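Structure first, commentary second.
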Amino acid sequence: MSQLKTAHSSSEDFPPVLALQNICKNFTGVRALNNVSLNLYPGQVTALVGENGAGKSTVVKILTGIHQPSSGEILLAGEQVQFATAHHAASAGVTAIHQETVLFDDLNVAENIYIGHAPRSRFGLIDTQAMRQQAKALLDDIGADISPTAMLRDLGIANKHMVAIARALSIDARVVIMDEPTAALSHKEINELYVLVEKLKSQGKAILFISHKFDEIFSIADRFTVFRDGGFIGEGKIKGVNESELVKMMVGRPVDQIFPTRQPDLGNEILQVSKYCHPTEFDDISFTLRRGEILGFYGLVGAGRSEVMQSLFGIKRPCSGTASVDGKRLEIRSPADAIAHGIVYVPEDRGKQGAITTLPIFQNVSLPSLQQTSRRGFIRLAQEFALTRKYTERLDLRAAALDQNVAELSGGNQQKVVIAKWLATQPKVIVLDEPTKGIDVGSKAAVHEFMAELASQGLAVIMVSSEIPEMLGMSDRVIVMREGRMVTELRGDSLTPETLVRHAAGIGEE
Amino acid sequence: MNNTVQTMPDHLRSPFSSKVKSWETLLLLVAIGIFILNSFSSPYFLDAWNLSDATFNFTEKAMIAFAMALLIISGEIDLSVASIIALASTAMGAAAQFGAGTAELVFVGLTVGICCGAFNALLVTVMGLPSIVVTIGTMSLFRGISYIVLGDGSYRGYPEDFAFFGQGYVGWVISFELALFGGLAVFYWVLLHKTNFGRAVYTIGNNPVAALFSGIRVQRVKFILFLLTGLMSGVAAVCLTSRLGSTRPSIGVGMELEVVTMVVLGGVSILGGSGSIVGVVLAALVMGLMTFGLGLLNVPGIVMSIFLGLLLIGVIALPRLWSRYVSRTE
């Protein structure tokens, strides 16, 4: 590590345009950042790497003026500065494109781009004409074919992202922060984003790139900085490291095996879904699932996978078709019914659907099992804590206490709370929708291992995922969906990255 | 607890220390402060019968406030409660004209309350309309019916023993209303803080989507909460009608805002998700003591509402200003 540090200080041609030096940040009793440094160079992409909870988001918030450091210095082109508010940071030329872009559905594209700093006419009113022209120029510049007068609501997610980027560039930015910009993008859109990043580099902008995906980091970044547990671990040039070295720095230990090896022991058929239809989302879905099996559902975003699972769980009502568990036909009108029949669902959107983040861990875990822990409808806290302890310890949850709010946990630990909640109900079928989306490498491996363990104990597992390695590494069998229909079922030798992508995208064999 | 294996504790801070710093403690201090101020400023204050009379200031409102607290914690609101009182009272008055006895009158009052609550519940949970709009509508609707039935007139002639609910005493200075208030406080405290139902209410208020995804029957819980609020408005209608001995269509007008004030002053988040029954009880006492004290000082009712408004803003603003000051000096 010390080697890496010295390497950079001697071989740099340009001084960093923005530098954080010895930054500490305390939140009531918790040290989020401990003496971290970060250098951003003009015309270069610096990847900030670290597990969830490493302090990446806190650094972004300090750079954009949302948080103030408890100690340490921020140097802008060598001058010490303070970003007291978000406005200060923006006028200093620091701009951020966030994970979940903060845009306004009911404003049009130009208004979204220029909100807060719209061009003014002589009387101090917003100069709509100029705003639209400038917005058009910006959008053309990044190669986005979007009308400035279109309502944001009517745009797809990729175009919304382009608007967010245009918005970030509408202030004359010297430093552009991209916080997991590819999380919601398709393969093609990601490539377009790469082109854009190259363009920004050629304009001499310094880019801070935050991502969990290593292939992205290695294809786009020039430099890297690694944080772990709020501390600075090292930095250097991407060319000087390989993937496993970077992972090792991130987690502090080598991750030798990514997926657990399994000897699937398939039991009897437990779930049958037959001719499930929905007026708009999906059509003619039939499949079966056996105990001990992990069944993958692969497809592009919008293929209807989550919708099938949600109707199985009672959130969406199918217009026809049947589902049965253990040969018994189900009447599922609500999630409560599904849970009673032993079907549980770990949703994709952890913060909104999976966990109630403003409530403590134990209340989240015990929620679907309250019948079990209570007596005649009266709460018994001791039983709730015991139940919570039993299942969170099985999952190796890391938290300060069981009455800590879920919001204070890292993404990986939040997911563990959601999984613990469902295991406590002793389900027969567990559906995991993008179970490792946005969580760090260490927690990912833990979730995968746990899935394998559950299957080996006879639980039937359905995994919806868009990550090909995960699909291949975990599933016994994969159903591919496209535009609401089942395209094919793959297993064994036919299950390869190519066949998955080919069927999901609808590219024929010929 | 144990030194060898590091296990996760149940609690981060002791439950006691978080109670000391809570909103309820602040309210208790405010209540004691007002009590002391009152006893110095008027020689008539520290009299058991006077104090007992003073409880009528808040008992009827507080009965509704308990149910309203649950409703607001769940993220909904019912602004039609005062109008439900008017409609229930009008129905009781009409029944009394046909010679209904006390038991029938109570039955009529409570039934009308529940029916009004069910009407609100249907519109909100089945039709999926926002409760603030629905209950502003039914606020006009319910009282409007009373005005059509009564016009400028009023109903009198309630049976003699009907007066017990608003004017009777169960022992020494403890009025029936005060005893009922105490009983309901315990009932709602248990319901909100000690049962699965109460847990569901909090869960829904914090995140209705995740609550649904966790198997909570969200619409059913909300339906029950509207029914309860309607029922409590019916109970309040029985007490108020009995106390006044007559029904006019303007009965209890504006009371919905005082009920909501009581709930918010009690520390219930107007956005839902948090609050406690102890807080609402203390808020009821604070409001009651203050109105009574100002009354003893011959402060007119209009000026009183100014004090009440200032109290609400003050109690809500001060802790925020204080915490901002603390975080700045840190």
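Chain letters run A, B, ... following the sequence lines, proteins first and then strands; every chain starts at 1. All of these numbers come straight from a predicted model, not from anything done at the bench.
Side-chain atoms of A:I379 and B:T195, non-hydrogen and from C-beta on, never get closer than 4.5 Å to each other. Between B:R199 and A:E384 there is a side-chain heavy-atom pair separated by less than 4.5 Å. Residues A:T357 and B:N207 are not in side-chain contact: their nearest non-hydrogen atoms beyond the backbone lie 4.5 Å or more apart. Counting heavy atoms from C-beta outward, A:K352 and B:V209 have side chains that stay 4.5 Å or more apart.
Chosen from A:Q353, A:Q310, A:K421, the residue pairing most often with chain B at heavy-atom distances under 4.5 Å is A:Q353. The residue among A:D337, A:I339, A:I356 with the most heavy atom pairs within less than 4.5 Å of chain B is A:I356. Chosen from A:G354, A:P335, A:P360, the residue pairing most often with chain B at heavy-atom distances under 4.5 Å is A:P335. Across A:A400, A:S366, A:P368, the residue that shares the most heavy-atom pairs under 4.5 angstrom with chain B is A:A400.
The contact between A:A355 and chain B is made entirely by backbone atoms, counting heavy-atom distances below 4.5 Å. With a 4.5 Å cut-off on non-hydrogen atoms, A:I361 does not touch chain B at all. When heavy atoms are compared at a cutoff of 4.5 Å, A:S334 approaches chain B solely by way of its side chain, counted from C-beta outward. Using a 4.5 Å cut-off between heavy atoms, B:V190 contacts chain A through its side chain alone, with no backbone atom that close. Contact of A:Q68 with chain B is not made at all, since no heavy-atom distance falls under 4.5 Å. When heavy atoms are compared at a cutoff of 4.5 Å, B:L191 does not approach chain A at all. If you measure heavy-atom distances from A:F385 to chain B, the contacts under 4.5 Å come from the side chain alone.
More than 12 heavy-atom neighbours from other residues, nucleotides or ligands sit within 6.0 angstrom of CG on A:L381. In B:F107, the CZ atom is not crowded: 12 or fewer heavy atoms of neighbouring residues, nucleotides or ligands sit closer than 6.0 Å. Other residues, nucleotides and ligands contribute over 12 non-hydrogen atoms within 6.0 Å of the NE2 atom of B:H193. Surrounding CZ of B:F119 are at most 12 heavy atoms belonging to other residues, nucleotides or ligands under 6.0 Å away. Heavy atoms from other residues, nucleotides or ligands lying under 6.0 Å from CD of A:Q372 number more than 12. The environment of NZ in B:K194 is sparse: at most 12 heavy-atom neighbours from other residues, nucleotides or ligands sit within 6.0 Å.
A:L367 approaches B:I216 most closely through the heavy-atom pair CD1-CD1, 3.7 Å. Across A:W422 and B:F213, no two heavy atoms sit closer than the pair CZ2-O, 3.2 Å.
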Tell me, with the steps shown, if B:T203 and A:Q363 meet side-chain contact (heavy atoms from CB on, under 4.5 Å). CA-CA 9 Å; B:T203 314; A:Q363 292 194 6; 5.8 Å; no

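Note that the CZ atom of A:R375 and the CG atom of B:N196 stand 12.5 Å from one another [nearest 0.5 Å]. The distance from the CZ atom of A:F378 to the CZ atom of B:F197 is 13.0 Å, given to the nearest 0.5 Å.
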